[in-house]
Amino acid sequence: MTVSMVKALNDGLRKALTDDPQVLLMGEDIGRLGGVFRVTDGLRKDFGELRVVDTPLGEAGIVGAAIGLAMRGYRPVCEIQFDGFVYPAVNQIITQLAKLRHRSAGRISLPVVIRIPYGGGIGSIEHHSESPETYFAHTAGLKVVTCATPNDAFHMIQQAVAEDDPVVFLEPKRHYWTKGEVAPATEVPLEQAVIRRAGTDVTLIAYGPTVPVALEAADIAAEEGRSVEVVDLRSLSPWDVTTVRASVHRTGRAVVAHEAAFSHGFGAEVAARLQDEEFHFLEAPVVRVTGYDTPYPPSRLESDWLPGVDRILNAIDRSLSY
Amino acid sequence: MANAVQDPLSEASLADPPIQLLDPSGKLSTDARLPLDLATVDLPALYRDMALVRRLDTEAIALQRQGELGLWPSLRGQEAAQVGAAYALYDRDMVFPTYREHGVAWCRGLDPVSLLGLFRGTTLGGWDPYAHHFNLYTLVIGAQTLHAVGYGMGLYRDGSTGSGDPDRDTAVLAFLGDGALSEGETNEAFIWAAAQNLPVVFFCQNNQWAISAPYSVQSRIPAAQRAAGYGFPGIRVDGNDVLACLAATRQALDQARSGGGPTLIEAVTYRVNAHTTADDATRYRAAEETEDWTARDPLERLRAHLETTGAVTDEYFTDLEQRERDLAERLRAGCRGLADPDASSPFEHTYAQMPADLRQQLREHLEFVSTGPQDGEQK
């Protein structure tokens, strides 16, 4: 079945609600309106307002209340309307949600999913285009995942709901309306990276919104006789070092692409691990293609600011120049 | 949730009807709680500004439809609340708006074209917040309430509140919506303002809807009643009555300037259009409700008053129509003339002094931008 990422998420959430009566959804405008991106469209009508909850306008409340619900045996799936609006909830996420298992010596389990539309490229106003993944990936106790295809959206959201640990589920809103095939079942675990395109010259590591951009760059590189292997990380915490290492072991070169800023970004983690564990096999330094170390710019500047196809191709050139 | 949902115009709201000085038919009345000396009010000017602000809003929506703006949050229906509140300000008073206070911006004397850049994507701000004592729009709900508190703390430390000097005492006017009442930061702002008796007036435009959430999702009581719990006065006015909004804000600002502390004003109004041009209000509210509120239009009642009392001539309306056309033209031309920012601007304004490492990123970025698209591909 070919559907958009929004529809795939909607189907995945519908299945989660159907399969487990303890699952419930909470967020601003998710019920009556069906969410500002329509990800929860029609779910309130079918599952009722006790399971698809229109919350007051307070993000700390959404996550804080989800913790209490989880302690009472529910599996809340929270929606934060936009990436840049998550910060009032960050206190609850970092000081409570991430730490209660540890604090309670394993007695408290918080199967909470926090869905966040993230990333730029949609011509929007401030706070609607951010990439906050490393704030969460740097916090022990949270799992952080991001889907890049409708198929992954459908399966990963259900896997996230089934997790017994809190999961920050990042949805690349730029690709919400991109369509793709959705298979009825998956064999791929939530935390496993996937090779989207096989190649031999360089490993191009991407996740979420940069995966389609990486694939486009790989296509163009192929026309120029360069064989690029594209790895979709899917999970940032924990992340699948094994798959990435195996790829780089073969190619000897790695480029990492993400929209979040350069310094202290996820690419730094990838580069550090690769130099540590594949040092003898690397033919070139790990190259990062990222957003710049500035706040997200006005939308008129975003297409040049974001790591697009040309910047990725330049990075591939740089890697291959060694 | 399910058992707490009430209609916005429920029993609780009706138990505390908003104060009104000008009814929907255009008739004046008085209220002992809210005295207003009409000799101090320029009614034709109030109407003119409301009409121009509405035209500004209408034109911005049209520009969005034409693809000139990415988005526009309409203020339609809230002209009286905004113009009324703005008319109570002194120039030196500081305003902390949300992202919908185009009417206040207009009255503060901002070039209306400067309001468009943020929604066109050419800037994240668009004006000098100090030039008109009007802060940049804050898009994150409720965040600005605490900025108003801090500014008020500064005024107190400067001796610019409660000094008794009418040329010195200053207040802060913070705007918020009904949705912001649910954010923790708004609660903190109320607590700080109360505990320190700060010169801050919180002006809540209760327009009944936070995107798709009716007021009942945020509160079981009128917003103004919350103030009592924090220990400062709350007053509830008809937000479509420009005189009540002006009188309440004037009274509250006077009190704040004189050292009397904060007030929460709830202006009961209605967001006639969808949340923004990206929203579809038909998905969550009945057309009848919107029609009902449209019948209480804030402009119509003042126009009716001006016409029945003969306060203005036909020339006044002819002149106003011309001003509206001029404004629309100015906005259209100004919008299209807004230049894209320099590629270097995000780098230049991230720190007071650009760190060496960022300077290197800027060099690489400018080099990349100057080479242009390669092989006809997008960058």
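A note on names: the letters A, B, ... follow the listed sequences, proteins ahead of strands, and every chain is numbered from 1.
Electrostatic pairing of Arg271(B) and Asp178(B) does not count as a salt bridge here, judged by no charged N lying under 4.0 Å from a carboxylate O. The existence of a salt bridge linking Glu259(A) and Arg174(A) is confirmed by a sub-4.0 Å separation between a basic side-chain nitrogen and an acidic carboxylate oxygen.
The local environment of OH in Tyr135(A) is sparse, with at most 12 non-hydrogen atoms from other residues, nucleotides or ligands closer than 6.0 Å. The environment of CH2 in Trp192(B) is sparse: at most 12 heavy-atom neighbours from other residues, nucleotides or ligands sit within 6.0 Å.
Of the two parts of Tyr87(A), neither the backbone nor the side chain holds a non-hydrogen atom closer than 4.5 Å to a non-hydrogen atom of chain B. Heavy atoms of Phe85(A) lying under 4.5 Å from chain B belong exclusively to its side chain. Using a 4.5 Å cut-off between heavy atoms, Ser263(A) contacts chain B through its side chain alone, with no backbone atom that close. Both the backbone and the side chain of Leu124(B) come within less than 4.5 Å of a heavy atom in chain A. Ser345(B) touches chain A through its side chain: at least one heavy atom from C-beta onward sits under 4.5 Å away, while N, CA, C and O do not. In this structure, chain B has no heavy atom under 4.5 Å from any part of Arg44(A). Looking at Leu358(B), the atoms closer than 4.5 Å to chain A (heavy atoms on both sides) all sit in the side chain, from C-beta outward. Interface residue Gln81(A): only side-chain heavy atoms are found under 4.5 Å from chain B. Val213(A) does not touch chain B: none of its heavy atoms, backbone or side chain, sits under 4.5 Å away. The part of Ile141(B) that comes within reach of chain A is its side chain, from C-beta onward, which places non-hydrogen atoms under 4.5 angstrom from that chain. Using a 4.5 Å cut-off between heavy atoms, Thr122(B) touches chain A through backbone and side chain atoms alike.
Contact check for Met26(A) versus Leu69(A): side-chain heavy atoms found under the 4.5 Å cut-off. Two residues are said to be in side-chain contact when any heavy atoms from C-beta on lie closer than 4.5 Å; Glu348(B) and Met354(B) meet this criterion. For the pair Leu215(A)/Arg197(A), a side-chain contact is recorded, criterion being any heavy-atom separation below 4.5 Å from C-beta on.
Summarising the geometry, atom CG belonging to Asp280(B) is positioned 12.5 Å from atom CD1 belonging to Ile211(B); distances are rounded to the nearest 0.5 Å.
Counting heavy-atom pairs under 4.5 Å between each of Arg120(B), His349(B), Glu183(B) and chain A puts Glu183(B) at the top.
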